[in-house]
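Working notes, structure below.
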2 protein chains.
Amino acid sequence: MTTDVADAWTALADPTRREIFARVARRPRSVTDLAGELPVSRPAVSQHLRVLKDAALVRVRAEGTRRIYSADPAGLQVLRAELEGFWSATLANFKELVEGEPEDRSTT
Amino acid sequence: MTTDVADAWTALADPTRREIFARVARRPRSVTDLAGELPVSRPAVSQHLRVLKDAALVRVRAEGTRRIYSADPAGLQVLRAELEGFWSATLANFKELVEGEPEDRSTT
DNA sequence: CCCTTCCGTAAGCAGTAACTTACGCTTTGT
DNA sequence: ACAAAGCGTAAGTTACTGCTTACGGAAGGG
């Protein structure tokens, strides 16, 4: 439950799960609603939501017998952070390739 | 070869592949170099690089018999775009939850 | 109370993905 | 021309993952 970054990557890697997350991000929904919109069974959705929840990408709120899932900024934040790291490293590197101007040789 | 977004997600989902990409992003390397730094065989690295290349996340440049791989901004860009979409949707949604102020009911 | 709705979990199955070893091709150096 | 270095691909194995059906429990309505 340690909000692992790796979990967030693998969680959003699956197309169905990414679609579920996208919908929930636009507007919170119940499990049955999601299952009605997608070409998979309700238990499948439930299992996907469990993975997303373990990655801190979604939250649950009980509403009667229904469970309303909504997107959680926490999980996305760590993903964004790592992606931005990749981005800056890639750009810096790319500049050297184009300009032919290596500047920092101390990096690993 | 259509720079599919899905490919980028699944490409970075694997830990080993993400590690390879991170290293290449910091500084371009050869296949053998990468294999020497990682706990997998050289063919395994080669296969991972192929996946990364199909997702437009890396580029190759021949240098003698060596193939120097470097990070490619193209693949990362599409990932960043989709992630930012998730991010804004999540934040807008999260605000409603906190402030209790739904404003746009037309969204799906 | 019953009955219905909504949900999570267990069990089982089929497809895929990551790894290894083995092989062949290309480029460089002597 | 030959040997060595560096890569990519093929083939095969193992482990995981996403799906289904089946079941059981918790929350509202008559």
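Quick note on labels: first sequence line is chain A, next is B, and so on, each numbered from 1.
- Atoms CG (A:L12) and P (D:dG18) sit 12 Å apart, rounded to a whole Å.
- Side chain of A:P43, nearest nucleotide from D:dG18, D:dT21, C:dT27: D:dT21.
- To the nearest angstrom, P of D:dG8 lies 13 Å from NE2 of B:H48.
- With rounding to whole Å, A:R66 atom CZ is found 13 Å from D:dG29 atom P.
- For C:dG8, its base sits under 3.5 Å from the side chain of A:R42 at one donor and acceptor pair at least.
- Summarising the geometry of A:L57 relative to A:G75, their closest heavy-atom pair is CD2-C, 3.7 Å, with the distance given to 0.1 Å.
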Determine, stepwise, if the pair B:V60 / B:I68 fulfils side chain to side chain contact (heavy atoms under 4.5 Å, CB included). CA-CA 6 Å; B:V60 214; B:I68 308 296; over 6 Å; no

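- Of the listed nucleotides (C:dT27, C:dG8, C:dC19), C:dT27 has the atom at the smallest distance from the side chain of B:T65.
- In terms of position along DNA chain D, the nucleotide closest to B:R50 lies nearer the 5' end than the nucleotide closest to the other residue of the pair A:R17 and B:R50.
- Rounded to whole Å, atom P of D:dC16 lies 13 Å from atom CG of B:D14.
- Look at A:S41 and you won't find any side-chain N or O under 4.0 angstrom from OP1 or OP2 of D:dC19.
- As rounded to whole Å, 17 Å separates atom P of D:dA27 from atom CZ of A:R61.
- Applying the 4.0 Å criterion to OP1 and OP2 of C:dG8, one finds that A:S46 has a side-chain N or O inside that range.
- Remark: P of C:dT5 and CG of A:D33 are 15 Å apart, rounded to the nearest angstrom.
- Dashed line: the shortest gap from a side-chain N or O of B:Y69 to OP1 or OP2 of D:dG8 is under 4.0 Å.
- Remark: C1' of D:dG18 and CZ of A:R18 are 15 Å apart, rounded to the nearest angstrom.
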For the pair B:L34 and B:V45, evaluate side chain to side chain contact (heavy atoms under 4.5 Å, CB included) and give the outcome as yes or no after the intermediate values. CA-CA 7 Å; B:L34 285 166; B:V45 173; 3.8 Å; yes

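- With B:T90 as the partner, the side-chain contact (heavy atoms from CB on, under 4.5 Å) test is satisfied by one option alone out of A:D72, A:V58, A:L76, A:V24: A:L76.
- A:E19 has a carboxylate O that lies under 4.0 Å from a charged side-chain N of A:R23, or vice versa, which qualifies the two as a salt bridge.
- When rounded to the nearest whole Å, the span between CZ of B:R67 and P of C:dT27 equals 8 Å.
- Nearest to the side chain of B:A44, among D:dC19, C:dT20, C:dA18, sits C:dT20.
- A donor-acceptor contact under 3.5 angstrom links the side-chain atoms of A:Q47 to the base of D:dT20.
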